[in-house]
Amino acid sequence: MFPYPSGEGLHVGHVRIFTACDVMARYFRMKTGRDTVLSPMGWDAFGLPAENAAIKAKKIPQTMVPHNYANFKKQMQSLSLSFDWGHEFATTDPTYYAFTQWLFLKLYEKGLVYREKVPINWCPKCKTGIANEEVLSDGTHERCGTPTGKKLLPQWVMKITDYAERLLADLDTDISIYFGQSENSDNRIIRGSEGRKGLDWPKGILEMQRNWIGKGRGLSITFPVNEIEQKAIAWTKFWETVYGVTFIVIAPETAQKWMSEGWSAKEDVVSYVDNSLQKSEQQRLEEVGTKTGVDTGLTVTNPVNGARVPVWVADYVLANVGTGIVMGVPAHDERDFDFATKYNLSKIQVVEYDKAEINQRVANGEISFEGEGRLINSGEFSGLSAWGEGKEKMADWMIEQGYAKWETTYHLRDWVFSRQRYWGEPIPLVYCEKCGDENGVVPLTEDQLPLTLPELESYEPTDTGESPLSRVDSWVTTTCPKCGGIAKRETDTMPNWAGSCWYFLAYPWWSSTETEGIIKTYKAKSKFPITDFWKEIAKPAIDEWLPADWYLGGAEHAVLHLLYARFWVKVFQDLGLVDFSEPFLRLRSVGMVLAEDGKKMSKSLGNVINPDDMVKTYGSDATRMYEMFMGPWEQSIAWDSGAISGQVRFLERIKTTMQQEGKVGEKTSPLLVAKLKTLVERVEDGVLNQKFNTSIAGLMEFVNSWREEGQTLAKEHLGMFAKLLSLFAPKSAQELWATNSEGSVEDQAWPDVSKIEGIEALMVKIAVQVNGKMRGIVEVGSEKSKIESEVALIALADEKIKKWVVGEVKKTIFVPGKLLSLVI
RNA sequence: GCCUGGGUGGCGGAAUGGUAUACGCGCGAGUCUCAAAAACUCGUGACCUUUAAAGUCUUGAGAGUUCGAGUCUCUCCCCAGGCACCA
């Protein structure tokens, strides 16, 4: 995942992610060939943090942002991160965002972007509307931590809900279909992913996406309202309790809708609804648990038994869950129980439980209970099992009778896409009174892209929800692309997710030196420059490289970037712009690097570790090694400034050992031949499973063995070791390589284990157990170690073991070359 | 409440059902030095024991499967992250 280049520079957390990327890239280049690897880097540079920092510094982001990413790049290079810099770009480059705008227009033309005046999440500090995904569960804005509110504003919204089902179902995409598609497929290593169903992503992130999409299958049951022309359609997964409905609750939003459709509600209902709708997200969250509501005076008829029950309005019913109307079944739902108890509404038990105590308390109206039991008070269904036959038969019957129908609901809401801020891609739409659509909108044509962001001296956001761009008359006033008359530009900008929704599609064909020029030539010769460019240049490169085999980054994007990018890719697939439905086949999420005190690193706590200082003090190799060694890569871990000295010592020891008399020679000692073979596999295994700490431990063990008295390494094998080391410590490895060989170690092929020649150690240690307990170790020749009778003979002759073998050996278990277990 | 990870020495952690505590940090002793640092060597889970040998115990708790369990099964406890008035 490309970083957001803040003014503070690289964080040690970035170093952890990008070193891992680098280690893997270096490994694959050696293993499968330089031309099989694309390991690019770019800058996600639009958006709030950069803009806020620029405002604070009284500068313009256009000059500040390039300065920031130049610094990031310098830091990355000082860490020997071997990205393919020829493909570098920033999302803020006009040539880049011409494509972002073009892709936006593609979505627009497909009818997936609509304008609506809706109450949206509003951050009062950043003074902009934000998406649902950007509001944390405590109601604060994920960027700045400010409590958000609601604001009614006309917004551009993306219909991500149209793709809800595919976003959910494709999590189970068989990714093996993608291995084997590209030209480089023969070389792609899919170890660890074979036979896997679904995206090879961390379980937790898959689960978070499933929860966020929140598919629910249930019944919509229609309760006709007696007093006015409305139907209360309640959605439920627990329709088997429908005979227990003693009231209906509607959300304030639903009440408002009914009022707008002609219901003249009582004064207290109107004020309750007004009041609730004004509550901020924060307030509503604080009030969870204390339920309030008002009797509307309306009643509905329960279709299943003709019972008339009252309709209440209460804000514990959420408008965006199901239909915004729920059945009140206080005997079998905790929330309904609380509400009914508070307002003295009746309770009817419709499920009887096995546990007498629970059953009695439900019958007495003392508690609610949800669980499997037998239906009672449920007409012809009484006596059937509540979650089995009863549930099934009741559904069939209600549908047959026309009381209910199946309905699948999703938690996912459409994506609010406009931002009332300056530092984002301008939305390429204009308003023309003459030829606009129902909203007055005309899209720009692609030869007019990029629509560049004007440079402004003052671009502070406003409290009114007006974009800063709206203050720039000269920019806002334009001509209509259709009729040529006077038109006004859209002044909202895109969220910073826009650029990151497709950047991975740009890497394969982007050239930091050539793309701008090529686009110019396309513009000169074609009315559809971007479309033609995509077809002729971008698409073939995308076909060759994507989807991405490995995607490494932080878990904080689980339902933000990772959801949005999947959505766009699916749309692009439908538009024929790409040929795949999932952008990232294998995702790995890095653990956080915490400060030494175990807290999050932050300027205000003064506990930040700066990678530049580490490089200066210990060197880039030791810094990289330490970050890869400090713990399992996917796990959060606190920085330990003492422990990095271990890496410095290790790198130093390699050099001093090499200089010692007799350590490098013509032949490798038998012990080291065997160890080198396992080391190659161990390093490889650690890299492919992101267990870099074990790879490094292996390298250390090998050096420890080499340092033992009498152990010699042949020049050839020392070179092999240098190759392994080069993944983690490229500079030290190159020094080592250069002592005996020409060229650059990173250009070499990965060692082939089967070609490691030399005599291996002859003696093998076999563990001996008696009745399952370890009782000794015997050394036998490697040939004999594979033969049970030979090992048993030696073991039983061993004094230490013999004394535990009292009586007859009833059974032996033998693992060739490893273990002998005797059962007495 | 639900979901997903975890729980192993003083610390970070390692271990296809087969020698638990690899590797590193720290700590202790020693070598070198006038001295210190660095470097190097040795030691370092607990108990018993003057020491050693030998032994016993030990991977959150308890049970089970197995010749053999950190690893598999069940019950429970705790920690971290995510979701949640989701009907």
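Any value given below was found using the heavy atoms of this structure, including those in side chains, with hydrogens, waters and symmetry copies removed. Every chain is numbered from 1 and lettered A, B, ... according to where its sequence line falls, protein lines coming before strand lines. Treat the numbers as computed from the prediction; the structure is a model and nothing was measured.
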So what does A:D336 hit on the nucleic acid, given a heavy-atom distance under 4.0 Å: a base, only sugar-phosphate, or nothing? nothing
Which is more 5' along RNA chain B, the nucleotide nearest A:V823 or the one nearest A:N211? Just name the residue. A:V823
Using the P atoms only, state how far B:A22 lies from B:A63, rounded to an integer number of Å. 28 Å
How are the rings of A:F339 and A:F247 set to each other: parallel, tilted or perpendicular (split at 30° and 60°)? tilted
Assuming nearest nucleotide by heavy-atom distance, tell me which of A:E701 and A:A643 is located more 5' along RNA chain B. A:E701
Is the ring centre of A:Y551 less than 6.0 Å from the ring centre of A:W201? no
Among B:C67, B:G12, B:A87, find the nucleotide with the atom closest to the side chain of A:S821. B:C67
I need the full list of salt bridge (charged side-chain N to carboxylate O under 4.0 Å, His left out) pairs touching residues 236-249 of chain A, with sequence neighbours left out, sorted by first then second residue. A:E240-A:K391
In dot-bracket notation, what is the pairing pattern of RNA chain B, taking Watson-Crick (N1-N3 plus N6-O4 or O6-N4) and G-U wobble (N1-O2 and O6-N3) contacts under 3.5 Å, with [ ] crossing and | for other strands? (((((((..(((.....[....)))((((((.......))))))(((.......)))..(((((..]....))))))))))))....
For A:T812 and A:E788, does a side-chain donor sit closer than 3.5 Å to a side-chain acceptor? yes
In chain order, what residues pass the salt bridge (charged side-chain N to carboxylate O under 4.0 Å, His left out) check against A:K802, with sequence neighbours excluded? A:E799
Would you state whether a donor and an acceptor, one from the side chain of A:Q769 and one from the base of B:G18, lie under 3.5 Å apart? yes
Who pairs with A:F223 by ring-ring contact (aromatic ring centres under 6.0 Å, His included), at least two apart in sequence or on another chain? none
Residues that A:R682 engages under salt bridge (charged side-chain N to carboxylate O under 4.0 Å, His left out), provided they are two or more places apart: A:E701
Cation-pi check for A:W406 against A:R217: NZ or CZ below 6.0 Å from the six-membered ring centre and within 45 degrees of the axis, yes or no? yes
Kindly state each residue pair satisfying salt bridge (charged side-chain N to carboxylate O under 4.0 Å, His left out) with at least one member in residues 642-660 of chain A, sequence neighbours excluded. A:K655-A:E735
With the side chain of A:W235 defined as its heavy atoms from C-beta on, choose the nearest nucleotide among B:G24, B:A14, B:A87. B:A87
Any base atoms under 4.0 Å from A:T323, or only sugar-phosphate, or nothing? Heavy atoms, all strands. nothing
Nucleotide-resolved protein contact map, nucleotides 38-45 of chain B, B/S/- at heavy-atom distance under 4.0 Å: -SSS----
Would you indicate what A:L699 reaches in the nucleic acid, counting non-hydrogen atoms under 4.0 angstrom: base, sugar-phosphate, or nothing? nothing
Between A:R624 and A:Q647: side-chain donor-acceptor atoms closer than 3.5 Å: no
Expected rows: protein N/O vs nucleotides 5-10 of chain B N/O, under 3.5 Å:
| unit_1 | atom_1 | unit_2 | atom_2 | d |
| --- | --- | --- | --- | --- |
| B:G5 | OP1 | A:K203 | NZ | 2.7 |

Is the closest basic N to carboxylate O distance between A:R335 and A:D333 below 4.0 Å? yes
How is A:W804 classified with respect to the nucleic acid when contacts are heavy atoms under 4.0 Å: base, sugar-phosphate, or nothing? sugar-phosphate
Inter-nucleotide P distance (B:A80, B:C74), Å rounded: 25 Å
Phosphate OP1/OP2 of B:G24: any A:N704 side-chain N/O under 4.0 Å: yes
Glycosidic class, syn or anti, of B:G45 using a 90° window around 0: anti
Roughly how many Å apart are B:G64 and B:C83, using the P atom of each and rounding to a whole number? 41 Å
Sequence neighbours excluded and cut-off under 3.5 Å, please list the side-chain donor-acceptor pairs for residues 625-634 of chain A, or say none.
| unit_1 | atom_1 | unit_2 | atom_2 | d |
| --- | --- | --- | --- | --- |
| A:Y626 | OH | A:D640 | N | 2.9 |
| A:Y626 | OH | A:D640 | O | 3.4 |
| A:E627 | OE1 | A:R16 | N | 3.2 |
| A:W633 | NE1 | A:R16 | O | 3.0 |

In 5'-to-3' order, the base (B), backbone-only (S) or no-contact (-) status of each nucleotide in nucleotides 27-32 of chain B, using a 4.0 angstrom heavy-atom cut-off, is ------
Contacts of A:K291 that satisfy salt bridge (charged side-chain N to carboxylate O under 4.0 Å, His left out) - sequence neighbours left out: A:D338
Could you tell me which residues satisfy side chain to side chain donor-acceptor pair (under 3.5 Å) with A:E253, sequence neighbours excluded, listed by chain and number? none
